[in-house]
Each structure stands twice: as C-alpha cells, then as structure tokens.
Amino acid sequence: METQLSNGPTCNNTTNGPSNSNTEDSKTNLIVNYLPQNMTQEELKSLFGSIGEIESCKLVRDKITGQSLGYGFVNYVDPKDAEKAINTLNGLRLQTKTIKVSYARPSSASIRDANLYVSGLPKTMSQKELEQLFTQYGRIITSRILVDQVTGVSRGVGFIRFDKRVEAEEAIKGLNGQKPPGATEPITVKFANNPSQKTNQAILSQLYQSPNRRYPGPLHHQAQRLRFSPMTIDGMTSLAGINIPGHAGTGWCIFVYNLAPDADESILWQMFGPFGAVTNVKVIRDFNTNKCKGFGFVTMTNYDEAAMAIASLNGYRLGDRVLQVSFKTNKTHKA
DNA sequence: TTTTATT
C-alpha cells in the first residue's frame with residue numbers, strides 16, 4: 001500500500017513512489033505539468049537544458065489545433081540531472097503558473113483515463129480530506145478542488161487522478177452516490193471529460209453558426225484557445241459583426257491604469273517587452289504639467305502574447321501602485 | 001456540473 005498523499009496544499013506530489021517506478025526509464029524521464037499556455041518546446045528544452053544534457057524533450061500539443069496541452073516530457077541522459085531538475089525546478093513560478101516536475105510513470109494503457117470528476121462535495125471539504133476519502137481505492141496522482149476565483153471558496157467540485165484506471169473504476173463503485181462522513185448530501189463520482197474530446201470543430205461551428213451574436217466575451221475566449229492570429233480574428237469580426245476588445249487593426253491595444261505621475265514610456269517597454277512583440281507604447285500626460293494622468297496604452301502584435309502580458313501584469317505592483325491592465329475597450333466613460 | 005498528467 002504505497003499511497004502517497006500530496007506533500008502540500010497545492011497538489012504537488014511527485015510520483016516517485018519507491019516501489020512502483022524503479023525502471024531505468026523512470027529515473028531519467030520527467031513529466032512537467034502546469035506549463036504556461038504560450039510556452040514552446042524550445043523554451044521547455046532551454047529551461048531544462050540548463051540543468052544537464054537532455055536526451056529528448058517533448059511538449060504535448062493538441063493534434064488538431066496545435067495548442068499546448070500544458071504539459072511535456074523531458075528525458076535526461078543522466079539520472080542525476082533528472083533528480084536535480086525535480087529539486088530545482090519543481091514549484092517554479094512561470095508567469096501565472098506554478099510548474100510541477102516529477103518522474104514520468106512508464107507509459108502504459110493502464111494509467112490512461114484514470115481521472116475522476118467529483119461533484120456535490122461539502123463546501124467545507126479540503127483537498128486533504130478529499131484525498132483521504134479516495135486514497136483507500138489506490139494511489140492518488142493528483143487531486144484538486146475547484147474554487148471560486150473571487151471568493152476562494154470551494155465550488156464543491158474536484159478532480160482525483162489515480163495511478164491506474166482500475167483504481168478509478170473501484171472508486172466510482174465505492175463512492176458515487178455515497179455521503180462522505182459528516183456530509184448531508186451524496187457526492188457524484190464519474191470519469192472526467194477527456195479534454196481532447198472537445199474538438200475545435202465544435203468550437204468552430206459555434207463561431208460560424210452565430211453570426212448575430214453581440215457578445216464579444218466568449219468568442220474572444222475561444223479565439224485564445226484556437227490561437228488565431230489577429231488578422232484571422234479581424235476577418236471573423238467583420239463577418240460576425242461583432243467587436244473584439246482591444247483590437248485596433250494594427251495590433252492589440254492594451255490599457256494600463258494607475259501609473260505614477262512620473263511614469264514614462266520606457267517603463268511600459270520594460271514591462272511588456274518580455275511578453276512579445278510590442279509595436280507602440282504611450283503614456284498619457286496632462287498638457288500643462290506634462291505629468292502622467294495615471295494611464296497609458298501598449299500595442300502588441302500577437303494576441304497570445306498580449307493576453308499573457310495582461311494576465312501577468314494585471315494586479316502587478318509597480319512601486320507603491322497596483323496596476324490594472326486589460327484590453328482597451330470602447331467604453332466612453334460609464335462604469 | 002469539468003482542471004489542462006502519459007509522448
């Protein structure tokens with residue numbers, strides 16, 4: 001019985017059970033999870049190559065869309081380097097993500113589709129308690145409880161990934177429809193949807209079948225998933241008759257709010273440049289005093305990079321100020 | 001009432 005609970009609150013348990021995976025392969029081959037969306041295989045290779053010589057490296061992508069699936073494999077020549085990579089790179093913060101680095105289990109059919117979706121959980125249940133409930137059925141690889149982004153309170157929904165599919169099946173048999181100790185409502189336990197089942201065909205048909213939609217939000221979101229270029233989106237914008245926030249035609253215009261009175265253009269270049277191609281920056285100043293009026297604009301060429309910059313820099317603390325960063329909207333001056 | 005963990 002080698003079940004390991006996670007080491008910490010953020011489900012960073014490494015899958016290096018002493019008895020389970022002691023093949024040669026497992027000592028050099030790593031799986032890297034929770035990678036930022038825009039990270040390329042080259043960047044992955046470069047990051048892990050800084051530890052030692054890499055035998056092979058692969059970023060896993062969606063077969064159809066080419067989108068990164070947020071994880072990859074790094075195989076070192078020397079097992080010592082693999083161990084070093086776990087020790088130094090696991091938990092590393094990259095942009096908005098905290099990456100997880102652990103030994104890859106030997107690939108086999110038995111470990112696929114072992115991910116469970118659990119709903120109806122008591123809102124008070126912690127990740128640890130969730131694991132305690134499931135651990136009797138097998139070795140837990142990851143666990144997660146989804147929380148409300150704003151309040152941080154549990155949504156009563158979570159995921160449990162087991163080492164083996166058969167363990168997941170047993171957990172469904174044993175726990176689906178059951179009440180956890182102390183709970184008033186039964187929980188639902190089933191296999192989680194396979195993310196790759198959500199084909200872009202379905203997304204595309206949504207895009208094209210709604211020529212009258214007026215709501216930029218969701219469409220915008222899907223554009224991100226599909227990695228359309230700004231030009232493609234522009235074409236679709238006219239086709240669908242909608243507005244895409246921040247899209248000026250020459251790039252993606254980003255609104256930066258709460259700059260200090262003495263802010264200048266160089267600070268905007270410095271902040272946004274690392275995220276990708278920046279074509280223009282502008283600090284808005286008072287005509288008389290020549291002091292910054294508290295905001296500015298940045299234009300970036302590529303949607304993905306602009307989105308990443310916004311995700312990373314919104315809420316960023318510059319001096320004693322907390323910046324607000326978003327795509328520029330066409331709102332005049334209400335709300 | 002679905003996050004991105006098996007090449």
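Naming: A, B, ... by sequence-line order, numbering from 1 per chain.
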request  = Output yes when at least one side-chain N/O atom of A:R155 is less than 4.0 Å from OP1 or OP2 of B:dT2, else no.
outcome  = yes

note = Under a 4.0 Å heavy-atom cutoff, the residues of residues 46-56 of chain A touching DNA chain B are none

query = Can you list every side chain to side chain donor-acceptor pair (under 3.5 Å) pair that touches residues 165-174 of chain A, not counting sequence neighbours?
reply = A:R165-A:E169, A:E170-A:K173

inquiry  = Less than 4.0 angstrom between a side-chain N/O of A:R61 and OP1 or OP2 of B:dT7, yes or no?
reply    = no

task = When you get a sec, tell me which of B:dT1, B:dT4, B:dT7 is the closest nucleotide to the side chain of A:N29?
result = B:dT7

task = Without swapping roles, check the side chain of A:N314 against the backbone of A:V325 for a donor-acceptor pair under 3.5 Å.
result = yes

task = Kindly indicate whether the side chain of A:R105 and the base of B:dT6 share any N or O donor-acceptor pair separated by less than 3.5 Å?
result = yes

query = Does a donor on one side chain and an acceptor on the other come within less than 3.5 Å for A:S143 and A:E131?
reply = yes

task = Quickly work out the A:Y34 OH to B:dT6 P distance and round it to whole Å.
result = 11 Å

message = Side chain of A:Q37 only, heavy atoms from C-beta on: which candidate in B:dT4, B:dT1, B:dT3 is closest?
response = B:dT4

request  = Check the distance between B:dT2's P and A:L69's CG and give it to me in whole angstrom.
outcome  = 20 Å

query = Tell me the side chain to side chain donor-acceptor pair (under 3.5 Å) pairs involving residues 259-273 of chain A, sequence neighbours left out?
reply = A:D264-A:S266, A:E265-A:R285

message = Any base atoms under 4.0 Å from A:L146, or only sugar-phosphate, or nothing? Heavy atoms, all strands.
response = sugar-phosphate

A:S107 side chain, from C-beta outward: closest of B:dT3, B:dT6, B:dT2 = B:dT6

ask   = Could a donor-acceptor pair under 3.5 angstrom be found where the side chain of A:N33 meets the base of B:dT4?
value = no

Along DNA chain B (nearest heavy atom to each residue), the more 5'-positioned of A:S108 and A:F159 = A:F159

Atom pair distance, as rounded to whole Å: OH in A:Y71 and C1' in B:dT6 = 6 Å

task = Whole angstrom is fine here: how far is it from CG in A:L35 over to P in B:dT4?
result = 12 Å

key: Residue-phosphate contact under 4.0 Å: A:R161 side-chain N/O, B:dT6 OP1/OP2   = yes

remark   = Residues pairing under ring pair (Phe, Tyr, Trp, His ring centres under 6.0 Å) where one sits in residues 146-192 of chain A, two or more places apart or in two chains, turn out to be A:Y117-A:F159

ask   = Do the non-hydrogen side-chain atoms of A:R144 and A:L130 ever get within less than 4.5 Å of each other?
value = no

request  = Calculate the interatomic distance between A:K164 atom NZ and B:dT6 atom C1'; express it in whole Å.
outcome  = 12 Å

request  = May I have the distance from A:N115 (atom CG) to B:dT6 (atom C1'), rounded to whole angstrom?
outcome  = 12 Å

task = Return the set of residues passing side-chain hydrogen bond (donor to acceptor under 3.5 Å, both in side chains) with A:R155 (not counting sequence neighbours), or none when no residue passes.
result = none

ask   = For A:F73, which contact category applies under a 4.0 Å heavy-atom criterion: base, sugar-phosphate, or nothing?
value = base

ask   = Could you state the CG-P distance from A:L94 to B:dT4, rounded to the nearest angstrom?
value = 15 Å

Protein-nucleotide distance (A:Y103, atom OH; B:dT7, atom C1'), rounded to Å = 19 Å

N/O donor to acceptor pairs below 3.5 angstrom from side-chain atoms of residues 175-186 of chain A, sequence neighbours left out:
residue, atom, partner, partner atom, Å
A:N176, OD1, A:V189, N, 2.9

message = So if I take every side-chain heavy atom of A:K97 and compare against B:dT7, B:dT2, B:dT4, which nucleotide ends up nearest?
response = B:dT4

